[in-house]
Amino acid sequence: MNLKNVCLFSAIILMFTLVFACKKEQKPKIKFPSTDLAKESIIPKPLKTIATNSAFGLDKHTAIYTTKGAAGFENIGLFLAQKIKSKIQLNIPVNSENENPIERVIYINKSDSLDLKEPEAYQLYINQDSIIINANTAEGAFRGIQTLRQIIPTTSNDTLAKHKIWPVPSGKIIDKPNFSYRASMLDVSRHFFSVTDVKKYIDLLAYYKINTLHLHLTDDQGWRIEIKSWPNLTKIGGKTEVGGESGGFYTQEEYKEIVAYAAKRYMTIIPEVDMPGHTNAASVSYPILNGNGKTPKPYEGMRVGFSTLDTRKDTVYSFIDDVVREISAITPGPYFHIGGDESHVTKKKDYIYFVNKVEKIVQKHGKRMIGWEEIAHANVDSTSIAQYWTNPKTAKKGVLKNMKIIMSPAKKAYLDMEYDTLSKHGLHWAAYIPVDTAYLWSPENHDGIPRENILGLEAPLWSETISNIEELEYLAFPRIIGYAELGWSTQENRNWEDYKIRLGNQTPFLNCMNVKYYPSKLIDWK
Ligand code: TNX
């Protein structure tokens with residue numbers, strides 16, 4: 001052999017060795033049984049789903065990576081890893097530099113694609129060896145991983161390889177919300193709920209892509225948030241609740257803890273201080289506030305509409321200024337809710353005068369005012385928001401003022417309405433709301449409120465008849481899951497027959513989270 005041939009021969013041998021070595025490294029492709037991503041029980045239903053009928057093999061050789069330097073992305077990776085760990089007891093490294101034999105990756109990627117320009121939009125690509133979540137914002141990525149959490153099977157397939165593999169159906173999901181505001185409200189005044197209870201509710205809401213929790217912090221029966229400049233509010237006003245139970249309140253530190261917990265789940269907290277009505281607990285703490293010269297008695301009943309602040313007294317506005325200032329300082333979200341409902345003993349002209357003044361105070365502290373629909377009677381700014389709950393005529397006054405409207409029609413969206421006459425908890429002044437009725441309406445086209453004015457949907461949970469987390473769950477679940485879908489999914493993508501099957505398939509998740517949902521007979525619970 002001449003030198004040239006020797007070289008050629010060695011090169012060929014080298015190539016063969018390399019190719020062979022690579023072949024040996026490359027595990028044979030796993031043959032997954034056919035899957036259908038489009039048939040997965042995802043709630044809320046994504047905008048577009050395209051199935052490719054294979055699977056991603058989630059296993060101990062999987063790692064999560066996130067875009068370097070993209071704010072929030074690494075924490076989302078860690079959040080996902082933690083949820084995978086608690087769902088299937090599998091440990092997955094996040095952004096690890098380890099030389100582990102990593103064969104598959106979940107990549108949470110910050111993308112500048114114009115298709116993702118809405119803040120909560122995301123794309124989810126699931127291939128045999130990679131899952132890619134694309135989003136412009138951390139918020140979008142966070143919504144995307146909720147979808148992924150929902151399609152990771154609870155049981156592994158132990159026949160595909162020598163180790164456990166959880167096959168995630170392959171394909172592509174393109175998704176974004178129908179409304180940017182998707183909320184629930186929790187009344188912690190009529191009955192107090194602990195920080196732990198509120199965190200659990202936040203976790204459950206976040207799983208279904210709800211992005212706002214409105215806390216009804218004050219009412220006739222109790223004041224639940226520490227105000228340092230007016231200490232009696234909690235010292236006296238925090239001690240009572242409906243039915244004579246022990247009450248309670250959040251210190252500012254505890255409130256901040258709730259806010260931070262929600263923020264980690266890309267959820268905004270909206271504080272509500274209800275006024276000028278619903279203020280008996282405030283006036284019990286500081287009798288000067290009601291202006292009728294009487295010291296009111298603590299109230300632990302369920303009537304509404306009997307209390308008012310004195311709308312013509314300076315002290316009342318200094319009080320409100322202090323309250324709004326202290327709460328706004330620990331609330332990073334853009335909103336402050338002033339209540340404004342059912343002020344039946346406030347004269348109309350006083351009510352209007354009051355709301356006009358309070359709007360200025362809220363704005364001065366850097367927040368955008370929300371109030372129940374009645375605030376539309378005042379000369380409110382178009383930047384303020386009215387929450388429609390019972391009278392469409394009043395809500396339409398807000399529309400004429402160019403205000404945004406939050407849809408919470410009591411007949412459809414009140415979580416405290418009884419399911420039927422056999423309901424264990426709840427009221428029925430507005431309606432009985434079985435699980436199908438709660439789902440079968442269109443917030444985008446309801447009671448003549450124009451779509452352009454609708455900010456989104458909120459399902460309030462008033463707590464006159466519930467006093468612990470199990471009772472809260474009985475009224476909220478499963479209906480809140482349907483409201484999550486009404487808020488996120490487009491009207492074309494919503495269908496009761498399809499939804500009710502997906503809802504039934506939430507059973508393992510709800511059981512795993514120990515949610516005491518109402519087992520409606522309309523649903524085939526698993
Ligand atoms: C009406 S809804 C109220 C609340 C009650 C609720 C009970 C609204 C703005 N006011 O004070 O708790 O009904 O369903």
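Everything numeric here is computed off the predicted structure, so don't read it as measured data. Just so you know, residue 1 is the first one in the sequence shown, and it goes up from there. Order of appearance sets the numbers: ligands from 1, and atoms from 1 within every ligand.
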Margin query: Closer than 4.0 Å to some heavy atom of Glu464 - which atoms of ligand 1 meet that?
Written below: 5 (C), 7 (C), 12 (O)

Next item on the list: Look only at interatomic distance and state if Trp429 has a nitrogen or oxygen under 3.5 Å from any nitrogen or oxygen of ligand 1.
Entry: yes

Next item on the list: Search all heavy atoms of Gly487 against all heavy atoms of Leu457 and return the closest pair with its distance.
Entry: N-CD2, 3.7 Å

Notebook entry, point to check: Crowded around Lys176 NZ? As in, over 12 foreign heavy atoms under 6.0 Å?
Noted result: no

Next item on the list: List the steps, then state whether side chain to side chain donor-acceptor pair (under 3.5 Å) holds for Trp389 with Glu342.
Entry: CA-CA 11 Å; Trp389 65 283; Glu342 300 173 317; over 6 Å; no

Notebook entry, point to check: To which of Val304, Asp416, Asp187 does the heavy atom nearest atom 14 (O) of ligand 1 belong?
Noted result: Asp416

Item checked: Closest protein heavy atom to atom 2 (S) of ligand 1, given as residue, atom name and distance to 0.1 Å -> Tyr414 OH, 2.4 Å

Next item on the list: Run the contact test for His278 against ligand 1 with a 4.0 Å cut-off on heavy atoms, strictly below, and give the result.
Entry: yes

Notebook entry, point to check: What protein heavy atom sits nearest atom 10 (N) of ligand 1, and how far away is it?
Noted result: Asp341 OD2, 3.0 Å

Notebook entry, point to check: Nearest protein heavy-atom contact for atom 11 (O) of ligand 1: which residue, which atom, what distance?
Noted result: Arg190 NH2, 2.9 Å

Check: Are the aromatic rings of Tyr250 and Phe192 close, with centres under 6.0 Å apart?
Finding: yes

Notebook entry, point to check: Out of Tyr419, Tyr474, Trp525, which one pairs with Tyr517 under the ring-ring contact (aromatic ring centres under 6.0 Å, His included) rule?
Noted result: Trp525

Next item on the list: Determine whether the side chain, the backbone, both or neither of Leu427 has a heavy atom under 4.0 Å from any heavy atom of ligand 1.
Entry: side chain

Margin query: Looking at every heavy atom in both Ile405 and Val399, which two are closest together, and how far apart are they?
Written below: CG1-CG2, 3.9 Å

Notebook entry, point to check: Which is closest to atom 1 (C) of ligand 1 in terms of heavy atoms, Met185, Glu342, Glu373?
Noted result: Glu342

Next item on the list: Please identify which atoms of ligand 1 are closer than 4.0 Å to at least one heavy atom of Met417.
Entry: 14 (O)

Checklist line | Ring center gap for Tyr299 and Phe306 short of 6.0 angstrom | finding: yes

